[in-house]
A.B. asks: 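Shown below is the structure under consideration.
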Amino acid sequence: MNQPINRRQLLARGAAVSAGLAAAPWVQAQAAWPSKPIRIIVPFNPGGATDVSARLIADKLGPRLGQTIIVENKGGAAGILGTDTVAKAAPDGSTFTISLSTSLLINQFLFAKLPYDPQKDLVMVSQIAVAPVTLVVHPDVPARNAAELQAWITKNKGKVSYGSWGIGSYAHLAGAYMSQALNADMSHVAYKGEAPMLQDLLGGQIQMAYASASGTKPHIDAGKLKIIGVTGDQRMAVLPNVPTLVEQGLKDDAYRICGFVGMAAPAKTPMDIVQRMAKEVNAVVNTPEMREKFAAMGFNPVAGTPEAFMAAYRKDYPVWEQLVKASGAKLD
C-alpha cells in the first residue's frame, strides 16, 4: 500500500523535477562542446610570432577537440579591431583570441577611448608563453652592446628612428622609454606587423627595433642585423650567448618585463568551456615538440590554468601602467 505524500514532499519533488528539466538542456549543450568550428582570431597581420604561435596551437587543438579550428587574422589599431571582435562575439565557446599583452592588457592604459574593457569584456583562458624579445640594430650602427648603443643614441639626438609592430606594442613602449630616459628625441615608426618593420630595418630606413627572436635570428646569423641584447631576466635558449639588457646594466622594469602570448574569450563564456580549453591548450603547449618550437622563437612556454593566467596578469598590471605613463604614449 502506497504511503501518503504530504504537500512539502510534493513541492520538493516538483522543484527537483523543474530544476532537472531546466538544467538538462544546459548540461547537454555543455557536454556537446564544441559542436561547431572554432575561430581563433589573431588581432595582428600574418607572419608575426603571434600568428605563428596561433597556427601551431590550432593545428594540434583541432584533433584533440574533434573540431575544425580556423585561425583568422584581423589586424589593425594595435590589436584593437580583432580583440574587440572577440569581446563582442557570442560567448558560446566558438570564438577565442590568441593575442599579446598589447591588446589584452596594455591598451587599457594607452588609449583614452577603448571599445572594450579587457577585464570586463574578456575572460583570460590561458597564458601560452612569456615573450622576451631581441633588441637589434642595422649593421651601420656602431654599437655592439647596450652601453655603446646608448652612447651612440645620445650623440645622435633627434636623428635615430626605431620601429615597432604597432602603437602600444612592447617595441613601441620600450623604445619610447629609452628615448625619454636618454633625452634622445628618437622617432617612432609604427608598422602593420613585425615583418614590414624588419624589412625597413634591414633596408636602413630605421636604425633599431625590439623584435621577436623568430623574426631576427636568421638575419643575425646572416650578419644583416646586429643584436644588442634580449629583454627579461633570463637569456633565451635560442640565443644562449647573448646577454640580457639587465645583465648589461639596464635594470629598469622596462627592460625586465616581458610581454606574453595568451588566449582569451568573450567574458560570459561558460567556465567549464574556459577550463576545458585551457586544459587542452596546456596539453598542446607542453608537449616536447611544441616546447622546442616555442623555444626556437625565443618564447618560454607557460601554459596553465585561467587562475594562473590572472595571477600573472595582476602582477604585470602595475608595471605596464607605469611604463605607459613613463613613455608619455597616452593616445586618444
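For reference, positions follow the sequence shown, starting with 1.
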A.B. asks: Side chains of Thr287 and Lys60, heavy atoms from C-beta outward: is any pair under 4.5 Å?
C.D. replies: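 Thr287 vs Lys60: side chains apart.
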
A.B. asks: What distance separates Thr269 OG1 from Asp92 CG, expressed to the nearest 0.5 Å?
C.D. replies: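 Here the rounded value is 7.5 Å.
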
A.B. asks: Taking only residues two or more places apart in sequence or in another chain, which ones pass salt bridge (charged side-chain N to carboxylate O under 4.0 Å, His left out) with Asp51?
C.D. replies: Arg55

A.B. asks: Please check this pair: side chain of Ser179 against backbone of Gly175, looking for a donor-acceptor N/O pair closer than 3.5 Å.
C.D. replies: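 Looks like no, no N/O pair under 3.5 Å.
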
A.B. asks: I need the Phe309 CZ to Ile128 CD1 distance, nearest 0.5 Å.
C.D. replies: 8.0 Å

A.B. asks: Can you pull the salt bridge (charged side-chain N to carboxylate O under 4.0 Å, His left out) pairs that have at least one residue in residues 116-141, sequence neighbours excluded?
C.D. replies: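 Every candidate salt bridge (charged side-chain N to carboxylate O under 4.0 Å, His left out) pair involving residues 116-141 fails, so no pair, neighbours aside, qualifies.
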
A.B. asks: Other residues, nucleotides and ligands only: do more than 12 of their heavy atoms fall within 6.0 Å of CZ on Arg64?
C.D. replies: yes

A.B. asks: I'd like to check Val261 versus Phe294 (side-chain heavy atoms, cut-off strictly below 4.5 Å). Are they in contact?
C.D. replies: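 No, every pair of side-chain atoms sits at 4.5 Å or beyond.
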
A.B. asks: Could you check whether any side-chain N or O of Lys88 sits under 3.5 Å from a backbone N or O of Pro115, counting only pairs where one atom can act as donor and the other as acceptor?
C.D. replies: yes

A.B. asks: Mind checking the CG-CZ spacing from Leu100 to Phe260? Nearest 0.5 Å is all I need.
C.D. replies: 8.5 Å

A.B. asks: With no hydrogens and no angle check, do the side chains of Gln275 and Glu307 hold a donor and an acceptor under 3.5 Å apart?
C.D. replies: yes

A.B. asks: Taking Gln207 for the side chain and Ile153 for the main chain, is one N or O donor matched with an acceptor at less than 3.5 Å?
C.D. replies: no

A.B. asks: Could you pull out the closest heavy-atom pair between Gln248 and Ile228, with the gap in Å?
C.D. replies: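 Heavy-atom minimum between the residues: NE2-O, 2.9 Å.
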
A.B. asks: Closest approach of Lys293 and Leu56, non-hydrogen atoms and distance?
C.D. replies: CD-CD2, 3.8 Å

A.B. asks: Are Val284 and Ile70 connected in a single hydrophobic cluster, I mean Ile/Leu/Val/Met/Phe/Trp/Tyr linked by side-chain heavy atoms less than 4.5 Å apart?
C.D. replies: no

A.B. asks: Quick test of your reading: applying side-chain hydrogen bond (donor to acceptor under 3.5 Å, both in side chains), list the pairs with at least one residue in residues 126-138, sequence neighbours left out, ordered by first then second residue.
C.D. replies: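 Only Thr134-Thr216 qualify under side-chain hydrogen bond (donor to acceptor under 3.5 Å, both in side chains).
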
A.B. asks: Can you tell me if NZ on Lys268 sees more than 12 non-hydrogen neighbours from other groups inside 6.0 Å?
C.D. replies: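 Counting other residues, nucleotides and ligands, NZ of Lys268 stays at 12 neighbours or fewer.
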
A.B. asks: Once you round to the nearest 0.5 Å, how far does CE of Met263 lie from CG of Leu61?
C.D. replies: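 Going from CE on Met263 over to CG on Leu61, the span is 6.0 Å.
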
A.B. asks: Test side-chain contact (heavy atoms from CB on, under 4.5 Å) on Val189 and Gln205 and set out the steps.
C.D. replies: CA-CA 10 Å; Val189 183; Gln205 283 78 22; over 6 Å; no

A.B. asks: If you measure from CD on Glu72 to OG1 on Thr97, what distance do you get to the nearest 0.5 Å?
C.D. replies: 10.5 Å

A.B. asks: Stepwise, does the side-chain contact (heavy atoms from CB on, under 4.5 Å) test hold for Ile69 with Ile40?
C.D. replies: CA-CA 7 Å; Ile69 311 288; Ile40 294 179; 3.6 Å; yes

A.B. asks: Kindly list each side-chain donor-acceptor pair under 3.5 angstrom involving residues 192-204, sequence neighbours excluded, with atom names and distances?
C.D. replies:
residue: Glu194; atom: OE1; partner: Ser212; partner atom: OG; Å: 2.7
residue: Glu194; atom: OE2; partner: Ser212; partner atom: N; Å: 2.7
residue: Glu194; atom: OE2; partner: Ser212; partner atom: OG; Å: 3.2
residue: Asp200; atom: OD2; partner: Tyr191; partner atom: OH; Å: 2.7

A.B. asks: Is a side-chain N or O of Tyr170 found less than 3.5 angstrom from the main chain of Ala254, in a donor-acceptor match?
C.D. replies: yes

A.B. asks: Counting only N and O atoms by type, is there a donor-acceptor contact under 3.5 Å from the side chain of Asn145 to the main-chain atoms of Glu148?
C.D. replies: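 Side chain of Asn145 to backbone of Glu148, a donor-acceptor pair under 3.5 Å: yes, one is there.
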
A.B. asks: Could you tell me whether the side chain of Val86 reaches within less than 4.5 Å of the side chain of Tyr116, counting heavy atoms only?
C.D. replies: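 Side chain of Tyr116 against side chain of Val86, heavy atoms only: no contact under 4.5 Å found.
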
A.B. asks: Begin from the C-alpha positions of Lys217 and Met236 and carry the test side-chain contact (heavy atoms from CB on, under 4.5 Å) through to its verdict.
C.D. replies: CA-CA 11 Å; Lys217 190 175 185 300; Met236 293 182 182; over 6 Å; no

A.B. asks: For residues 75-83, run the donor-acceptor check on the side chains, cut-off 3.5 Å, and write out each pair with its distance to 0.1 Å, sequence neighbours left out.
C.D. replies:
residue: Thr83; atom: OG1; partner: Gly79; partner atom: O; Å: 2.6
residue: Thr83; atom: OG1; partner: Ser103; partner atom: OG; Å: 3.0

A.B. asks: Taking the side chain as every heavy atom from C-beta outward, state whether Leu245 and Tyr210 have any pair of such atoms under 4.5 Å apart.
C.D. replies: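 Yes - at least one pair of side-chain heavy atoms lies under 4.5 Å apart.
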
A.B. asks: Which atom pair, heavy atoms only, marks the closest approach of Ala278 to Gly304?
C.D. replies: CB-O, 3.9 Å

A.B. asks: Are Val230 and Pro132 close enough that some pair of their side-chain heavy atoms sits under 4.5 Å apart?
C.D. replies: no

A.B. asks: Determine, for Lys157 against Asp185, whether the closest basic-nitrogen to carboxylate-oxygen distance falls under 4.0 angstrom.
C.D. replies: no

A.B. asks: Within the 4.5 Å heavy-atom criterion, are Arg235 and Val242 side-chain neighbours or not?
C.D. replies: no

A.B. asks: Report the C-alpha separation of Ile57 and Met290 in whole Å, then their side-chain angles, then the decisive distance to 0.1 Å, and conclude whether the side-chain contact (heavy atoms from CB on, under 4.5 Å) test is met.
C.D. replies: CA-CA 8 Å; Ile57 291 169; Met290 291 294 284; 4.0 Å; yes

A.B. asks: Parallel, tilted or perpendicular, judged at 30° and 60°: which one describes the rings of Tyr313 and Tyr317?
C.D. replies: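 Correct class here is tilted.
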
A.B. asks: Under a 3.5 Å distance rule, please check whether Lys36 uses its side chain to pair with a backbone N or O of Ser94 as donor and acceptor.
C.D. replies: no

A.B. asks: Once ring-ring contact (aromatic ring centres under 6.0 Å, His included) is applied, do any residues pair with His188, and if so which ones, sequence neighbours excluded?
C.D. replies: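 If we apply the ring-ring contact (aromatic ring centres under 6.0 Å, His included) test to His188, skipping adjacent residues, the hits are Tyr162, His172.
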
A.B. asks: Ignoring hydrogens, what is the shortest heavy-atom contact between Ala264 and Leu104? Give both atom names and the distance.
C.D. replies: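 That closest heavy-atom pairing would be CB-CD2, 4.0 Å.
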
A.B. asks: Just by modelled atom types, is the Val319 backbone N or O under 3.5 Å from a matching donor or acceptor in the Gln322 side chain?
C.D. replies: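 Side chain of Gln322 to backbone of Val319: no pair is present.
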
A.B. asks: For a side-chain contact (heavy atoms from CB on, under 4.5 Å) with Val137, tell me which candidate from Val160, Leu149, Ile227 qualifies.
C.D. replies: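 Passing option: Leu149.
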
A.B. asks: Answer whether the closest heavy-atom distance between the side chains of Met208 and Met178 falls below 4.5 Å.
C.D. replies: yes

A.B. asks: At their closest point, which heavy atom of Ala171 faces which heavy atom of Trp165, and how far apart are they?
C.D. replies: CB-CZ3, 3.5 Å

A.B. asks: Is any side-chain heavy atom of Asp253 closer than 4.5 Å to a side-chain heavy atom of Leu323?
C.D. replies: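 Side-chain contact under 4.5 Å: no.
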
A.B. asks: Ignoring hydrogens and geometry, is there a side-chain-to-backbone donor-acceptor pair from Trp33 to Gly93 under 3.5 Å?
C.D. replies: yes

A.B. asks: Under 3.5 Å, is there a donor-acceptor pair between the side chain of Asn73 and the main chain of Phe44?
C.D. replies: yes

A.B. asks: List the atom of Pro301, the atom of Arg291, and the distance in Å for their closest heavy-atom pair.
C.D. replies: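 Scanning both residues, the minimum pair turns out to be CB-NH1, 3.7 Å.
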
A.B. asks: To the closest 0.5 Å, what do you measure between OH (Tyr255) and OG1 (Thr231)?
C.D. replies: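 It comes to 11.0 Å.
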
